[in-house]
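Everything numeric in this text was worked out from a predicted model, so none of it was measured. Just so you know, these numbers use all the heavy atoms, side chains as well, and skip hydrogens, waters and symmetry mates. Naming: A, B, ... by sequence-line order, numbering from 1 per chain.
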Protein chains: 2
Amino acid sequence: MRKLKTERRPEILDAALAIADERGLDALSMRAVADRVGVTPMALYGYFRNKDELLDGLVGRLLGDMPPVDPELDGRERLGAMAHGFRQVALRHPAVFPLMFSRPSVTPDAVRVSDAVYQALLDCGVPDDQVPRMERLATTFIMGWATSEVSGRFSASAASARARRGADLPAHQRLAPYLDGPRDLDAEFDADLADLFRIIRPE
Amino acid sequence: MRKLKTERRPEILDAALAIADERGLDALSMRAVADRVGVTPMALYGYFRNKDELLDGLVGRLLGDMPPVDPELDGRERLGAMAHGFRQVALRHPAVFPLMFSRPSVTPDAVRVSDAVYQALLDCGVPDDQVPRMERLATTFIMGWATSEVSGRFSASAASARARRGADLPAHQRLAPYLDGPRDLDAEFDADLADLFRIIRPE
DNA sequence: ACCTGAACACCGTTCAAGT
DNA sequence: ACCTGAACACCGTTCAAGT
């Protein structure tokens, strides 16, 4: 387990992220990254032990890209700002964002984000012993929502396909007027966040 | 776009699921599936247009495996039973379950599951025009939770690594007693579901 | 100290051919 | 109607060598 070089890691991760953003995750090969950086594929193995570690680095990079949150805001406003920050990162990097679920990050950036969420929950009045669970609940929902959005699970085309296919099932029939209309995902995200706050801060 | 054969599709999907369960998603190659079925890799292309379609079929299979829910139960109990069903499917097929996010399914099984969730939400008293959003909210949370669990995001080892790394951040310090203890994911899932019902059915 | 070249054991998929 | 064989253009990664 030899020591890894670190100097060009940011440059390599930039190249990898650019490839994933432009051409998708399937196009993200060690060879493609090396080409973009201007080295041989094998040079990358001086910086990352293997492709999995490079993908972990990419998740860390996404967390480092989270927009900072105004510390003047109250707890609830900070949580909302962070939720929108997650969603923006997902929309900017739709191919990479879903990796957040499968590659739990423990980088300094990841821990800093967790700490900000903990602090916001504490400021909302969540009891200390409930904060870790509420953090998992909130981040799970927000990451799941953003992943669904960027992966097409909430797309209008999937919705109308389901509406068509379910036309003779009872609940689909009753709900037909609401299943295939236009969708405003911005508004739905906000409505869901408002509901989420009712869990976090029972009045 | 020629017509695909269907007869041996279930047999092929069984083989694929077995490989993913036993050896993970990386081991799930067309060649490995063909080997297990006892045919040449190219024979699979008579049943699936490409590997992506085979993976879509796998997601459909998972939805078909969802345990049926007792129709005698009330709406809230049925929702709880379906949530536990999702989680059980995830625990049985940890490598494949996360694909549910990225491969929105429109098979008859998928639509049948949606209809059951719609009906349960209606029976809980959710207004018709809110049911589709609540279905997305609930399934997103449940799938995100199950994906987190099977992907290691909730693992004790990740938690203690984060606890160690965040030891000098303010909220981590204050919450230290609660960050690295033993975890009961069964209990946490139930607690989260109870909170989720407070969104679905405001008293 | 950092990078390259050649090689190995794999991939998904196309096309033409076999029964 | 269903399957196979050979081939193509890729993969991630090891090892030994180059500067």
Checklist entry - Does the side chain of B:Y47 get closer than 4.0 angstrom to OP1 or OP2 of D:dC3 through an N or O atom? => result yes

Checklist entry - Which is true for A:M42 with a 4.0 Å heavy-atom rule: it touches a base, it touches only sugar-phosphate, or it touches nothing? => result base

Checklist entry - Counting heavy atoms not belonging to B:E22, are there more than 12 under 6.0 Å from its CD? => result yes

Checklist entry - With both distances under 3.5 Å as the test, what is the Watson-Crick or G-U wobble partner of C:dA1? => result D:dT19

Item to check | Side-chain N or O of B:R49 closer than 4.0 Å to phosphate OP1/OP2 of C:dT13 | outcome: no

Next on the checklist: Pick the closest DNA chain D nucleotide for B:K5 and for B:R31 by heavy atoms, then say which residue is nearer the 5' end.
Outcome noted: B:K5

Item to check | Ring-ring centroid check B:W145 B:F86, cutoff 6.0 Å | outcome: no

Checklist entry - Are any of the side-chain nitrogens in B:D109 or B:R112 under 4.0 Å away from the carboxylate oxygens of its partner? => result yes

Item to check | Mate of C:dT14 where both pairing distances stay under 3.5 Å, Watson-Crick or G-U | outcome: D:dA6

Checklist entry - Could you give the CE-to-P distance, from A:M30 to D:dT14, as a whole number of Å? => result 10 Å

Checklist outcome for this item: Among the nucleotides D:dT13, C:dC3, D:dG12, whichever has the atom closest to the side chain of A:A43 is C:dC3

Item to check | C:dC3 phosphate, OP1 or OP2, under 4.0 Å from A:T40 side-chain N/O | outcome: no

Checklist entry - What do the steps show when you test B:M100 against B:S105 for side-chain contact (heavy atoms from CB on, under 4.5 Å), and what is the final call? => result CA-CA 8 Å; B:M100 288 235 199; B:S105 184; over 6 Å; no

